[in-house]
Amino acid sequence: MDELTNVDVAEQKPRILFVDDEPRILVALKALFRKDYDVVTANSGAAALDILREGDVDVVVSDQRMPEMTGVEVLRSAKDIRPRAIRVLLTGYSDLSAILAAINDGEIFRFINKPWSNVDLRQTIAAAVKASAIEHVELVVEGDINEKVYIPGIDDVGTLILDDDEATRDTLQRVLGRERAVYSARNLNEGLEQLEKHKIGVIITDLVVGGDVVTDLLSALRQHHPSLVAIVLTGQSDAEQGIDLINRGQIYRFLTKPISEGLLRGSVNLAMRRYEILHKNPAQALRIAAEAAPPANDTRGVFKRIGRLFGLTA
């Protein structure tokens, strides 16, 4: 009887799939997590996809640098095979292209930097397991994504452009203003004023606006306005900031300037549809919950101001 009970308990454990081509790392990860989770491992991307096809998995954690199939490719396929599974990428700051691809294609939950801290890794896996318990609502796109589709009750929601470059603001206003309300701001203070005045569903922002890095702003918005969808559009390529923007702000896309009108319009249309899902299904926000720690020194008062603006509802 005891053996049967133990089997039942084991089967109820969340299932974590670790993917890495180095056996010693897989052994270490299994030893670290097998007490609390049902741990399965794969030493290649192909083996990982076979496991995903055979059965459900709650969390997929993949190394980026593997032969034949990269971690981003594994997570991109995992998204299609098991969309409910939460995806985590092990990577280094030098893997810039991987970081950007993971944001845009894999829609990952967290980046974990190598070498990692066991304490931080445990916390990340626990958060990922919690997020996986929320049923996934698929974003379904019909027709040409470049063409705006009327969304009942959503089309009064605007898009906020946060950029200190006037030419960029004018271009985005011209392209996007044909389809929905678009507001613009030159700095964080003006951006917060627009958020106070208008109902915003999507924010498009540069990495740095008016000399201020936007990470704290997006982190605060993720905590207090979880249905808002963020797109970073920048001419800079910074791997460390890209990682920070996912882990603390859960941005939806990381796009580079200059950008074609078609890609811009399509990305914003997708983002607005994602806003619709988050707005209508508030629990979905838990699937993209970001690290909750505020900055050590909120000199601009961004967290406090956004907390007041949205009623301190995390």
Side-chain angles (χ1 to χ4, degrees), residues 3-4 6-133 136 239-240 242-244 246-247 287 291:
E3 289 182 1
L4 289 175
N6 289 337
V7 169
D8 290 340
V9 171
E11 289 178 348
Q12 294 174 3
K13 290 181 179 180
R15 197 175 193 213
I16 316 296
L17 169 59
F18 289 103
V19 190
D20 201 300
D21 63 318
E22 295 188 44
R24 64 180 181 83
I25 290 181
L26 293 178
V27 170
L29 289 170
K30 191 161 190 175
L32 185 62
F33 289 101
R34 64 187 174 189
K35 179 180 178 181
D36 299 314
Y37 306 108
D38 174 16
V39 177
V40 290
T41 61
N43 61 6
S44 69
L49 298 187
D50 286 341
I51 291 172
L52 290 169
R53 294 187 188 101
E54 290 170 1
D56 200 12
V57 168
D58 296 289
V59 179
V60 183
V61 183
S62 179
D63 185 35
Q64 166 58 16
R65 295 189 176 185
M66 299 185 295
E68 299 181 6
M69 187 181 294
T70 66
V72 169
E73 292 170 331
V74 171
L75 297 182
R76 184 187 298 126
S77 296
K79 177 185 170 186
D80 295 331
I81 299 171
R82 298 289 173 186
R84 186 186 67 83
I86 297 298
R87 298 169 292 278
V88 176
L89 186 69
L90 299 175
T91 186
Y93 284 134
S94 61
D95 297 329
L96 177 61
S97 61
I99 290 166
L100 300 187
I103 294 172
N104 295 333
D105 300 333
E107 294 183 13
I108 71 163
F109 182 72
R110 292 283 192 279
F111 288 106
I112 298 177
N113 298 317
K114 299 173 68 175
W116 61 78
S117 154
N118 284 347
V119 173
D120 292 342
L121 183 58
R122 283 183 180 277
Q123 291 175 346
T124 297
I125 296 302
V129 167
K130 182 178 180 180
S132 73
H136 173 66
E240 185 172 356
I243 289 173
D244 213 23
I246 275 290
N247 290 348
R287 288 183 56 86
E291 293 177 355

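Please read these numbers as outputs of a predicted model, since none were measured by experiment. Just so you know, residue 1 is the first one in the sequence shown, and it goes up from there.
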Over all atoms of both residues, closest heavy-atom pair of V40 and R15
CG1-NH2, 3.4 Å
Just verifying a value: how many Å separate N113 CG and T91 OG1, rounded to the nearest 0.5 Å?
7.5 Å
Any donor-acceptor pair under 3.5 Å linking the side chain of Q64 with the backbone of T70?
no
When every non-hydrogen atom of G242 is compared with those of I103, the smallest separation belongs to O-CD1, 4.0 Å
Is there a donor-acceptor contact under 3.5 Å from the side chain of R122 to the main chain of L32?
yes
Closest heavy-atom pair and its distance - D58, S132:
O-CB, 3.3 Å
Which pair of non-hydrogen atoms, one from R84 and one from D56, has the smallest distance, and what is that distance?
NH2-OD2, 2.9 Å
Taking side chain as C-beta onward, heavy atoms only, is D120 less than 4.5 Å from Q123?
yes
Please answer whether the main-chain N or O of V39 pairs with a side-chain N or O of K13 as donor and acceptor at a distance below 3.5 Å.
no
Which atoms form the tightest heavy-atom contact between A42 and L26, and what is the distance?
O-CD1, 3.6 Å
Using 0.5 Å steps for rounding, measure from the CG atom of L75 to the CD1 atom of I86.
11.5 Å
Measuring only between side-chain heavy atoms, which start at C-beta, is F33 closer than 4.5 Å to K35?
no
Residue pair D63 / D21, side-chain heavy-atom distance below 4.5 Å
yes
Tell me whether the NZ or CZ atom of R287 lies within the 45° cone about the ring axis of F109 and under 6.0 Å from its centre.
no
Measuring from atom CD1 of I112 to atom CD1 of I125, what distance do you get when rounded to the nearest 0.5 angstrom?
5.0 Å
Verdict with supporting geometry, I246 and R110, side-chain contact (heavy atoms from CB on, under 4.5 Å):
CA-CA 6 Å; I246 275 290; R110 292 283 192 279; 5.6 Å; no
Over all atoms of both residues, closest heavy-atom pair of A48 and L17:
O-CD2, 3.9 Å
With no hydrogens and no angle check, is any side-chain donor or acceptor of R53 less than 3.5 Å from a backbone partner on I81?
no
Side-chain (N247) to main-chain (F111) donor-acceptor, under 3.5 angstrom:
yes
Can you tell me if R82 uses its side chain to pair, donor with acceptor, with the backbone of G55 under 3.5 Å?
yes
Interatomic distance, CD1@I243 vs CD1@I108, rounded to 0.5 Å, equals 8.5 Å
Evaluate L29 against T41 for side-chain contact (heavy atoms from CB on, under 4.5 Å), listing each step before the verdict.
CA-CA 9 Å; L29 289 170; T41 61; over 6 Å; no
Pair V129, Y37 - check side-chain contact (heavy atoms from CB on, under 4.5 Å), show working.
CA-CA 10 Å; V129 167; Y37 306 108; 3.6 Å; yes
